Amino acid sequence: MKKTHDNVSCAGKLLRRTFYNRDPREVSRDLLGKVLVRRAGRRILAARIVEVEAYLGTDDPAAHSASGRTLRNAVLFGPPGLAYVYFIYGNHYCLNVSCLPDGVAGGVLFRAVEPISGIQSMARARGINLKVRNGNPDQKSLRNLTSGPGKLAQAFGVTRERDNGKDLASLTSDLFIMADDCESPEIQLTSRIGIRKAVDLPLRYIVPGNPFLSVATVRPAKFQ
DNA sequence: TTATAGATTGCCT
DNA sequence: GGCAATCTATAAT
């Protein structure tokens, strides 16, 4: 079913702050199919959002904001539409966008995107040599560019120093999100990935069947 | 093809 | 001091 959401402007429009000033679950749902854009000098990096996770704020044990505001997570408590970037496992950055009004915590984690343009730049940033088949990049190496939160952050050159607190709802920013059509993609809800708490909550939003989804699509059947 | 361990930094207790 | 919203290489099947 194709449907438009009346609070989203279509046809190549920047997502405004009101878009993010909602429950992270609604923002997550509506972010699927939108386009993440990085302006790097004359170059444009663009990729379609195919996988996100909602983090609900102080009531969500798995959220960074669960135990209150700290220096690290302050952006999650700030105004909506700002980039929250954190460093994880000594190796990776992850990109989020803050939701809900100033003073109320909440956010959405970007987990996987599908490259649209700037593919060579993304490959360079990832340190990946794109294999070419019949003149086109090999599907497997293409997929490896952005099929995970750490991967997409690296492909887009996202770091905490550079991007944390950046306004994604401003065209003057070099990092923002656009809607390039009025059709909403098919959406599926699953449990979140890589967390220890609140693992059963269905807060991961994916475009089912998209080849760029992160590798871990199902939580292992481990429990205690 | 799937499972597991190691890397490596900064934030919070 | 412990651990984390991950990725990759390597081992095992």
Side-chain angles (χ1 to χ4, degrees), chain A residues 20 23-25 27-29 31-32 36 49-78 82-100 105-113 115 122-131 138-165 168 189-206 211-224:
Chain A
Y20 304 103
D23 186 288
R25 286 166 288 206
V27 178
S28 293
R29 178 198 65 199
L31 274 177
L32 291 181
L36 178 66
I49 298 164
V50 299
E51 175 178 346
V52 296
E53 282 178 357
Y55 286 87
L56 302 185
T58 46
D59 290 332
D60 179 359
H64 285 182
S65 46
S67 47
R69 183 182 192 133
T70 67
L71 193 61
R72 179 203 193 198
N73 65 23
V75 173
L76 289 175
F77 289 81
L82 304 189
Y84 168 54
V85 182
Y86 63 87
F87 191 68
I88 191 72
Y89 298 121
N91 284 298
H92 309 286
Y93 290 97
C94 291
L95 174 65
N96 305 249
V97 60
S98 61
C99 299
L100 296 170
V108 175
L109 167 67
F110 295 86
R111 288 195 50 92
V113 298
M122 293 184 200
R124 206 175 314 123
R126 291 273 293 125
I128 286 175
N129 219 335
L130 279 184
K131 293 173 190 157
D138 169 65
Q139 203 60 22
K140 210 166 185 177
S141 50
L142 196 59
R143 187 182 175 287
N144 194 27
L145 291 180
T146 54
S147 57
K151 295 178 185 179
L152 77 87
Q154 189 178 31
F156 274 74
V158 170
T159 66
R160 180 174 173 91
E161 300 71 41
R162 181 181 181 187
D163 297 307
N164 191 50
L168 300 186
L189 264 168
T190 78
S191 52
R192 294 178 290 188
I193 304 290
I195 54 174
R196 307 287 301 269
K197 300 169 181 172
V199 290
D200 289 323
L201 295 180
L203 294 177
R204 173 171 173 253
Y205 295 72
I206 64 175
F212 290 87
L213 295 177
S214 66
V215 184
T217 47
V218 180
R219 183 166 55 86
K222 281 187 207 154
F223 53 92
Q224 36 86 331

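Note on naming: letters A, B, ... go to the chains in the order of the sequence lines (proteins, then strands), and numbering restarts at 1 for each one. Since the model is a prediction, treat every value here as computed from it, not as a measurement.
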Legend entry - side chain to side chain donor-acceptor pair (under 3.5 Å) between A/E51 and A/S214, worked out: CA-CA 8 Å; A/E51 175 178 346; A/S214 66; 2.8 Å; yes
Legend entry - Non-hydrogen atoms of A/L152 and A/T146 that approach each other most closely: CB-O, 4.0 Å
To the nearest Å, how far apart are [X] [atom1] and [N] [atom2]?
X: A/F87; N: C/dA4; atom1: CZ; atom2: P; answer: 16 Å
X: A/H64; N: C/dA4; atom1: NE2; atom2: P; answer: 10 Å
X: A/Y93; N: B/dC11; atom1: OH; atom2: P; answer: 10 Å
X: A/R196; N: C/dC3; atom1: CZ; atom2: C1'; answer: 9 Å
X: A/L145; N: C/dC7; atom1: CG; atom2: P; answer: 13 Å
X: A/Y55; N: C/dA4; atom1: OH; atom2: P; answer: 13 Å
X: A/E51; N: C/dA5; atom1: CD; atom2: P; answer: 16 Å
X: A/I88; N: C/dC7; atom1: CD1; atom2: P; answer: 11 Å

Can you identify which nucleotide, out of [options], has its nearest atom closest to the [X] side chain?
X: A/N96; options: C/dC7, C/dA5, C/dT6; answer: C/dA5
X: A/P149; options: C/dC7, C/dA5, B/dC11; answer: C/dC7
X: A/R160; options: B/dC11, C/dA5, C/dT6; answer: B/dC11

Inset, instruction - Under 4.0 Å between any heavy atoms, over every strand shown, what does A/N144 touch: base, sugar-phosphate, or nothing? Just pick one. - result: sugar-phosphate
Inset, instruction - Tell me what A/G90 touches on the nucleic acid: a base, only sugar-phosphate, or nothing, going by heavy atoms under 4.0 Å. - result: base
Legend entry - Option among A/N164, A/D163, A/V158 that satisfies the side chain to side chain contact (heavy atoms under 4.5 Å, CB included) test with A/R160: A/N164
Inset, instruction - Please check the phosphate of C/dA5 (OP1 and OP2 only) for any side-chain N or O of A/K197 closer than 4.0 Å. - result: no
Inset, instruction - Using only side-chain N and O atoms of A/R126, determine if any of them is under 4.0 Å from OP1 or OP2 of C/dT8. - result: yes
Legend entry - Side-chain-base donor-acceptor pair under 3.5 Å for A/Y86 and C/dA4: no
Inset, instruction - Considering only atom P, compute the distance from B/dA3 to C/dA5 and round it to an integer number of Å. - result: 22 Å
Legend entry - Residue met sooner reading DNA chain B from 5', once A/N91 and A/S67 are mapped to nucleotides: A/N91
Legend entry - Closest-nucleotide ordering on DNA chain B, the 5'-leading residue of A/L71 and A/H92: A/H92
Inset, instruction - Go ahead and name the base partner of B/dT8; Watson-Crick or wobble counts if both distances stay under 3.5 Å, otherwise write none. - result: none
Legend entry - Residues A/K140 and A/D138 bridged, charged N to O under 4.0 Å: no
Legend entry - Cationic tip of A/R192 above A/Y55 ring, under 6.0 Å, 45° of axis: yes
